[in-house]
Chemist: 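One structure follows; several queries about it will come next.
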Amino acid sequence: MASNFIDEPVDVDDDQFDQWYVDVIKRSGMMDNSPVAGCRVFKPYGYGLWENMQRRLDDRFKETGVENAYFPLFIPESMLAKEAEHIEGFAPEVAWVTMGGNRQLEERLAIRPSSESIICPIFAEWVQSYRDLPILINQWCSVVRWEERPRSFLRTREFLWQEGHTAHATADEAEERALQMIDVYNDFYINELAIPSVMGRKSDSERFAGALRTYTLEAMMRGKKWALQSCTSHNLGDHFGKSFNIQFLAPSGEREFAWNTSWGLSWRAIGAIIMIHGDQSGLQMPPRVAPVQAVVVPIWRTDEAKTQVFEASGQIERALKAAGVRVKVDRDAEHTPGWKFNEWELKGVPVRIEVGPRDVAAGQAVLARRDNRTKEAVPLDGLAGRVQALLDDIHTALFERALDFQRENSAIVRTYDALKERIAANAGFSYIFWDGDPATEEKIKQETKATIRCIPLHENEEEGPDLFTGKPVRGRVLIDRAY
RNA sequence: CGGGGAGUGGCGCAGUCUGGUAGCGCACACGGCUGGGGGCCGUGUGGUCGCAGGUUCAAAUCCUGUCUCCCCGACCA
């Protein structure tokens with residue numbers, strides 16, 4: 001992994017934040033550009049992070065009864081077009097296959113932008129009776145949306161994600177599942193990625209194409225303090241059940257349509273990790289999903305010292321592996337310790353373990369935290385336990401730092417002028433009282449470029465005057481610009 | 001699609017205005033000294049300047065055409 005990063009530390013000031021984001025992705029070895037415009041190469045270090053995220057999230061899905069499956073990449077145009085709102089929403093960004101070998105296809109095939117319209121008709125074949133429900137399916141795959149302005153992780157033309165699809169016998173059960181999954185995502189973000197966010201419901205204009213209701217987590221990025229939709233969970237109502245004829249015989253003997261949900265989280269979550277936890281030295285990996293949780297840097301001068309520190313390093317490696325810590329020993333002889341320190345900090349490894357002749361003599365190692373740069377000497381006995389404790393501490397510290405940042409940059413706004421000012425200044429989240437009128441929502445979007453990110457679900461019962469009409473309404477909505 | 005910028009060894013750039021046969025840093029190879037925060041010295045390898053055409057004794061440099069990428073905007077879970 002060669003790096004040309006030797007000039008100056010990456011900058012994370014507001015006005016250079018976008019460039020910092022591009023640089024840190026490249027320099028840390030997470031992702032590269034590719035010969036295909038808008039598509040990226042997901043390199044091993046980034047993919048390793050994704051694998052850990054997948055595992056942790058997949059386990060949570062399975063605990064709720066979901067099974068994994070896989071459905072085709074291609075969707076016949078006639079199927080994609082069956083749910084009117086769905087096709088209308090996706091039409092501008094669908095990539096099409098029109099040739100098969102040398103022959104023109106009879107019907108062109110969409111490369112899935114999302115799989116509702118291929119999975120729902122298959123569900124229809126699986127369901128006869130209410131006893132066949134619910135169906136709880138997830139797939140890990142990539143989808144394609146022909147975005148005009150790609151950004152690594154946040155908006156690429158092909159991206160990795162998971163999409164869950166369920167079918168239920170009742171409307172209530174579907175609503176319950178949609179809410180359950182947004183809770184699962186929230187738990188994943190907090191406890192694995194150390195990322196706080198605001199859980200809420202999308203306004204009608206921001207709702208997923210074809211959905212009855214869309215739930216979301218909106219997290220605040222550093223830099224411009226814009227919002228990032230971090231995942232999504234839709235109650236599709238019976239729109240797809242009816243469009244794709246998912247019918248079943250209810251206990252009553254009546255023929256009824258199924259109720260569906262779908263929910264997804266993409267590698268955009270990695271964009272959130274980068275933009276929330278990163279700093280002037282580079283990435284900061286959340287410890288529980290970090291590809292490398294601890295890196296051992298042996299330090300030596302003489303061959304004799306080298307033998308000793310390598311032996312101690314191997315001992316530490318074995319102890320940490322036995323304790324379930326993902327550890328790497330950087331035995332490279334080409335780079336100096338200082339070079340390695342910077343390189344692993346750029347890559348965001350939470351704990352660094354320095355082992356030099358002085359440490360070997362004292363039967364200890366030096367542990368350095370990525371988040372606050374503190375160092376401590378720890379005896380080799382019990383080192384693994386200390387590392388595990390540090391990883392937990394760092395997780396908590398990262399979460400607190402992100403939560404503080406979100407809180408410090410959130411405010412309730414009571415006049416439209418104040419709102420416009422905050423948005424223009426990239427001041428962060430603004431909460432306004434809003435009566436639900438789509439016209440004022442559109443006005444805000446046109447005049448400020450900010451959108452209603454969500455109508456928060458919890459702790460949002462206060463009453464106040466609508467920003468425009470002054471009529472009393474219950475609950476506030478979250479407004480910000482978004483990536 | 002509109003506005004701006006850029007294409008020169010693997011990467012990042014200078015050279016273009018004022019034509020004369022390509023240079024710097026990093027990386028890479030070898031040798032040596034070094035090694036607890038991106039260490040140093042020496043010796044080397046590697047490009048014909050996005051592509052096509054034109055002007056000229058001579059083109060990275062001037063002219064015409066063309067392709068690609070990046071940034072801003074529009075658009076967009």
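Below, chains carry the letters A, B, ... as their sequence lines are ordered, and counting in each starts from 1. Computation of the quantities below employed the complete heavy-atom set of this structure, encompassing side-chain atoms and omitting hydrogens, waters and symmetry-equivalent molecules. All values reported here derive from a predicted model rather than from experimental measurement.
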Chemist: In Watson-Crick or G-U wobble terms, both distances under 3.5 Å, what is the partner of B:rC69?
Modeler: B:rG5
Chemist: Quantified in whole Å, what is the P atom distance between nucleotide B:rU68 and nucleotide B:rG25?
Modeler: 35 Å
Chemist: So, is the end of the A:Arg352 side chain (NZ or CZ) under 6.0 Å from the ring centre of A:Trp344 and within 45° of the ring's axis?
Modeler: no
Chemist: What is the separation between atom CZ on A:Phe341 and atom C1' on B:rG39, rounded to the nearest whole Å?
Modeler: 14 Å
Chemist: Separation of A:Glu304 atom CD from B:rG35 atom P, in whole Å?
Modeler: 16 Å
Chemist: May I ask you to verify whether the side chain of A:Arg352 and the base of B:rG37 hold a donor-acceptor pair under 3.5 Å?
Modeler: yes
Chemist: Suppose you measure atom C1' in B:rU64 against the same atom in B:rU18; what distance do you get, rounded to whole Å?
Modeler: 22 Å
Chemist: Whole Å only: how far is the CD atom of A:Glu334 from the P atom of B:rC26?
Modeler: 16 Å
Chemist: Pick the C1' atom in B:rC24 and in B:rC49, then give their distance to the nearest Å.
Modeler: 15 Å
Chemist: Could you check how far CD of A:Glu206 sits from P of B:rC76, rounded to whole Å?
Modeler: 9 Å
Chemist: Distance check needed: B:rC26 C1' versus A:Trp339 CH2, whole Å only.
Modeler: 12 Å
Chemist: Answer yes or no on whether A:Lys43 is positioned over the face of A:Tyr45, meaning its NZ or CZ is under 6.0 Å from the six-membered ring centre and within 45° of the axis.
Modeler: no
Chemist: What class does the angle between the rings of A:Phe90 and A:His86 fall in, given that below 30° is parallel, 30 to 60° is tilted and above 60° is perpendicular?
Modeler: perpendicular
Chemist: Using atom CZ of A:Arg40 as one end and atom P of B:rC69 as the other, report the distance to the nearest whole Å.
Modeler: 11 Å
Chemist: How close or far is atom P of B:rG12 from atom CZ of A:Arg27, stated in whole angstroms?
Modeler: 11 Å
Chemist: When the P atoms of B:rU21 and B:rG54 are compared, how many Å lie between them, rounded to an integer?
Modeler: 23 Å
Chemist: Please figure out whether A:Lys26 or A:Cys231 has its closest RNA chain B nucleotide nearer the 5' end.
Modeler: A:Lys26
Chemist: Specify the separation, in whole Å, of atom CD of A:Glu147 and atom C1' of B:rC75.
Modeler: 9 Å
Chemist: Who does B:rA29 pair with, Watson-Crick or G-U, both distances under 3.5 Å?
Modeler: B:rU43
Chemist: Are A:Arg177 and A:Thr64 close enough that a side-chain donor and a side-chain acceptor fall under 3.5 Å?
Modeler: yes
Chemist: By nearest heavy atom, map A:Ala482 and A:Asn33 onto RNA chain B; which one lands nearer the 5' end?
Modeler: A:Asn33
Chemist: With ring centroids as reference points, do A:His165 and A:Phe71 lie under 6.0 angstrom apart?
Modeler: no
